[in-house]
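Take a look at the structure below.
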Amino acid sequence: MDLRKTICVAAGVSCTLFLGAGLSRLYSRYKRMKKSSEDGLFPRINEVETAIQLYIQQELRIGHSLIKDGDIPQGVEHLANVINASYDPVTVLSVIIEMMPAGVTSAMLDAVFGKA
């Protein structure tokens with residue numbers, strides 16, 4: 001009976017040490033990640049959002065000017081990039097469809113969803 005108690009106590013201590021070591025590693029990893037994010041190794045969320053907005057504006061300008069100059073395939077490709085990069089692609093697609101002529105709209109849908 002004493003052997004059983006000894007084994008149970010040893011198993012309990014082993015499990016406690018094992019869990020403690022794991023939690024210690026997780027906590028030190030959390031501290032390293034927190035420190036590295038404070039040091040600027042990870043981009044801030046608003047910086048990423050600003051970069052995406054600038055990319056979308058640039059692609060819109062390029063796509064619109066290419067379509068206006070008659071280079072419809074290249075313009076549609078840039079507008080498809082806008083739709084793919086946006087947070088709300090359905091709304092962006094509906095606005096672009098309303099603004100573009102019918103031929104450009106069908107090419108746009110083919111570019112975004114692939115040819116059927």
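With sequence neighbours left out, the side chain to side chain donor-acceptor pair (under 3.5 Å) criterion links Glu59 to His78, Asn81. Every side chain to side chain contact (heavy atoms under 4.5 Å, CB included) that Gln57 has, sequence neighbours left out, goes to Leu54, Arg61. Under the side chain to side chain contact (heavy atoms under 4.5 Å, CB included) criterion, Asp71 pairs with Leu66, Pro73, Gln74, sequence neighbours left out. Residues that satisfy the side chain to side chain donor-acceptor pair (under 3.5 Å) test with Ser106, not counting sequence neighbours, are absent from this structure. Residues passing the side chain to side chain contact (heavy atoms under 4.5 Å, CB included) test with Ile83 are Pro89, Val92, Leu93, Ile96, Met108, Val112, sequence neighbours excluded. Every side chain to side chain contact (heavy atoms under 4.5 Å, CB included) that Ala85 has, sequence neighbours left out, goes to Tyr55, Ile56. Partners of Asp69 by side chain to side chain donor-acceptor pair (under 3.5 Å), not counting sequence neighbours: none found.
Under a cut-off of 6.0 angstrom, the local environment of OH in Tyr30 is sparse, with at most 12 non-hydrogen atoms contributed by other residues, nucleotides or ligands.
Of the options Ile62, Ile67, Asn84, a side chain to side chain contact (heavy atoms under 4.5 Å, CB included) to Leu79 is made by Ile67 and by none of the others.
To the nearest 0.5 Å, atoms NZ (Lys68) and OG (Ser65) are separated by 7.0 Å.
Note on Val82 and Val90: separate hydrophobic clusters, where clusters join Ile, Leu, Val, Met, Phe, Trp and Tyr whose side-chain heavy atoms are under 4.5 Å apart, directly or indirectly.
Val95 belongs to a hydrophobic cluster with Met99, counting contacts under 4.5 Å between side-chain heavy atoms of Ile, Leu, Val, Met, Phe, Trp and Tyr, direct or through other members.
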